[in-house]
Amino acid sequence: MEMMKQVLTIAGSDSGGGAGIQADIKTFQELGVYSTSVITAVTAQNTQGVTDIYPMARNAVEKQLDAIGTDFQIAALKTGMLFQADIIEATAQGIKKYDWQNVVVDPVMIAKGGASLLQKEAVSALIKHLLPLATIVTPNIPEAEVLSGLEIHDSISRLRVAERIIATGAKAVVIKDGHGTNRFFTEDFYLDYLGDSMIIRSPRIVTNQTHGTGCTFSAALTAELAKGKKMGEALYTAKQFIYAALAHPLHIGSGHGPTNHAAYNKAAVKEVVQLVK
Ligand SMILES: Nc1ncnc2c1ncn2[C@@H]1O[C@H](COP(=O)(O)OP(=O)(O)OP(=O)(O)O)[C@@H](O)[C@H]1O
Ligand SMILES: Cc1ncc(COP(=O)(O)O)c(N)n1
């Protein structure tokens with residue numbers, strides 16, 4: 001029997017279960033890969049917001065990375081909330097030490113409710129230590145603007161921002177469009193270091209149940225890369241997965257509700273995503 005693909009998420013815990021480590025593990029399970037995890041911080045959080053953050057000591061992150069690296073065959077990994085510079089450095093060292101490939105860096109900065117999930121002074125550590133190791137980095141629009149130091153107004157400025165992010169050493173970038181302004185479509189923009197680009201498009205769903213969309217999308221991408229899928233195919237599945245999760249809301253909590261991680265497998269998923277080269 002072929003062994004199940006093993007993946008790793010290095011991220012924060014969301015006590016509310018919609019984002020962070022919890023979203024990642026649910027997504028990995030749904031997509032048929034075995035999930036391991038390194039917890040970087042514990043958040044006290046629900047659908048209304050984050051009330052406190054307890055970062056792990058660097059040593060605790062290193063020990064978790066070593067526990068994974070000495071026993072599991074990690075086919076792909078993602079990073080999420082890393083919070084501070086020393087955790088970013090430990091994460092980058094672990095990735096290099098164990099020569100992990102298929103590295104998806106979700107540069108989580110601000111939670112939906114406005115809480116900062118990455119200290120300001122840690123942004124330069126992210127750019128210096130982690131982006132050069134990224135197979136793909138998955139910023140939303142505000143995160144892409146912070147990473148590049150440029151603003152996005154239109155498709156030309158979005159291309160410039162993507163090029164700046166590639167110049168940090170990341171092999172590819174996908175700028176997610178959850179915060180975009182088109183009322184009818186979301187268009188995630190992909191660019192890689194070879195200059196290949198594509199748009200991954202889906203209808204825009206009107207909903208406030210969007211807690212954890214970014215985590216879920218990058219986890220689905222990680223699972224598909226672990227299975228050996230090509231980048232275009234992996235992005236397509238990740239977009240279908242998040243579309244289904246948004247289209248079949250759970251109505252849990254009184255704020256920004258979680259997405260439905262089970263919907264992709266349970267509901268009859270229509271082929272709504274378009275890849276445009
Ligand atoms: N309303 C929506 N309808 C359809 N797709 C959406 C919607 N909102 C987000 N998405 C998709 O979800 C994925 C995650 O994008 P988003 O920009 O929301 O990430 P994010 O801001 O990092 O998420 P988070 O705020 O959870 O960290 C992208 O593929 C995006 O296009
Ligand atoms: C632990 C953790 N990681 C990531 C997010 C981002 O998700 P969102 O922006 O949807 O709140 C979060 N809220 N909490």
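Given the structure is predicted, the values throughout are model-derived calculations rather than measurements. Atom set for the values below is all heavy atoms of this structure, side chains included, hydrogens, waters and symmetry mates excluded. All ligand and atom numbering here is 1-based and tracks the order in the structure.
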Trainee: Rounded to the nearest 0.5 Å, what separates atom OG1 in Thr47 from atom CD in Gln209?
Mentor: 9.0 Å
Trainee: Before accepting this row, confirm whether a basic side-chain N of the pair Asp177/Lys239 lies closer than 4.0 Å to the acidic partner's carboxylate O.
Mentor: no
Trainee: Measure and list all N/O to N/O distances between ligand 1 and the protein that fall under 3.5 angstrom.
Mentor:
residue, atom, partner, partner atom, Å
ligand 1, 1 (N), Ile205, O, 2.8
ligand 1, 3 (N), Ile205, N, 2.9
ligand 1, 17 (O), Gly178, N, 2.9
ligand 1, 18 (O), Thr213, OG1, 2.9
ligand 1, 19 (O), Lys176, NZ, 3.4
ligand 1, 21 (O), Asn140, ND2, 2.8
ligand 1, 22 (O), Asn140, ND2, 3.4
ligand 1, 22 (O), Lys176, NZ, 2.7
ligand 1, 23 (O), Thr213, OG1, 3.1
ligand 1, 23 (O), Gly214, N, 2.9
ligand 1, 25 (O), Lys112, NZ, 2.7
ligand 1, 26 (O), Lys112, NZ, 3.2
ligand 1, 26 (O), Thr213, N, 3.1
ligand 1, 26 (O), Thr213, OG1, 3.3
ligand 1, 26 (O), Gly214, N, 3.0
ligand 1, 29 (O), Asp188, OD2, 2.5
ligand 1, 29 (O), Lys239, NZ, 3.3
ligand 1, 31 (O), Asp188, OD1, 2.8
ligand 1, 31 (O), Asp188, OD2, 3.4
ligand 1, 31 (O), Lys239, NZ, 2.7

Trainee: Among Gly18, Gly12, Ala111, whose heavy atom sits nearest atom 1 (C) of ligand 2?
Mentor: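 Nearest heavy atom to atom 1 (C) of ligand 2 lies in Gly12.
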Trainee: Would you call Cys215 a ligand 2 contact, heavy-atom distance under 4.0 Å?
Mentor: yes
Trainee: Specify the protein heavy atom at minimum distance from atom 5 (C) of ligand 2: its residue, its atom name, and the distance to 0.1 Å.
Mentor: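 Answer, as residue, atom name and distance: Leu117 CD1, 3.5 Å.
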Trainee: Around atom 13 (N) of ligand 2, find the nearest protein heavy atom and jot down its residue, atom name and distance.
Mentor: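 The closest one turns out to be Gln45 OE1, 2.7 Å.
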Trainee: Is there a polar contact, in the sense of an N or O pair closer than 3.5 Å, between Ser13 and ligand 2?
Mentor: no
Trainee: Kindly write out the residues that satisfy salt bridge (charged side-chain N to carboxylate O under 4.0 Å, His left out) with Asp196, not counting sequence neighbours, or none if the list is empty.
Mentor: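 Asp196: no salt bridge (charged side-chain N to carboxylate O under 4.0 Å, His left out) contacts found.
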Trainee: Closest non-hydrogen protein atom to atom 7 (O) of ligand 2, residue and atom name please, with distance?
Mentor: Ala19 CB, 3.6 Å
Trainee: Specify the protein heavy atom at minimum distance from atom 9 (O) of ligand 2: its residue, its atom name, and the distance to 0.1 Å.
Mentor: Lys112 N, 3.3 Å
Trainee: Mind checking whether His261 and Phe241 have parallel, tilted or perpendicular rings, split at 30° and 60°?
Mentor: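 Judged by the thresholds at 30° and 60°, the geometry between His261 and Phe241 is tilted.
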Trainee: Using a strict 4.0 Å cut-off to heavy atoms of His211, name the atoms of ligand 2 that fall inside it.
Mentor: 10 (O), 11 (O), 13 (N)
Trainee: Flag yes if more than 12 heavy atoms outside Lys229 fall under 6.0 Å of its NZ atom; otherwise flag no.
Mentor: yes
Trainee: How far apart are the closest heavy atoms of Leu275 and Gly232, and which atoms are they?
Mentor: CD1-O, 3.7 Å
Trainee: Answer with yes or no whether the hydrophobic clustering places Ile95 together with Ile74; edges join I, L, V, M, F, W, Y residues whose side-chain heavy atoms lie under 4.5 Å apart.
Mentor: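 Looking at the clustering, Ile74 is in the same group as Ile95.
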Trainee: What verdict does the side chain to side chain contact (heavy atoms under 4.5 Å, CB included) test give for Lys171 and Val137, after you've listed the backbone C-alpha separation in whole Å, the side-chain angles of each residue and the deciding distance to 0.1 Å?
Mentor: CA-CA 8 Å; Lys171 287 208 175 59; Val137 48; over 6 Å; no
Trainee: Counting distance only, does the side-chain N/O of Glu143 pair as donor-acceptor with the main-chain N or O of Met109 below 3.5 Å?
Mentor: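 Looks like yes, one N/O pair under 3.5 Å.
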Trainee: Would you say Gly212 has any N or O atom under 3.5 Å from an N or O of ligand 2, going by distance alone?
Mentor: yes
Trainee: Which one holds for His256 and ligand 2: side chain close, backbone close, both close, or neither close, with close meaning a heavy atom under 4.0 Å?
Mentor: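 Looking at His256 and ligand 2, no heavy atom falls under 4.0 Å.
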Trainee: Let me have the donor-acceptor pairs involving side chains of residues 25-32, under 3.5 Å, with sequence neighbours excluded, atom names and distances please.
Mentor:
residue, atom, partner, partner atom, Å
Lys26, NZ, Gly17, O, 2.8
Thr27, OG1, Ala23, O, 2.7
Glu30, OE1, Asn265, ND2, 2.8

Trainee: Pick one of side chain, backbone, both or neither for how Ala115 approaches ligand 2, counting any non-hydrogen atom pair under 4.0 Å.
Mentor: neither
Trainee: Any ring-ring contact (aromatic ring centres under 6.0 Å, His included) involving residues 139-185? Give me the pairs, sequence neighbours left out, ordered by first then second residue.
Mentor: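 Found none.
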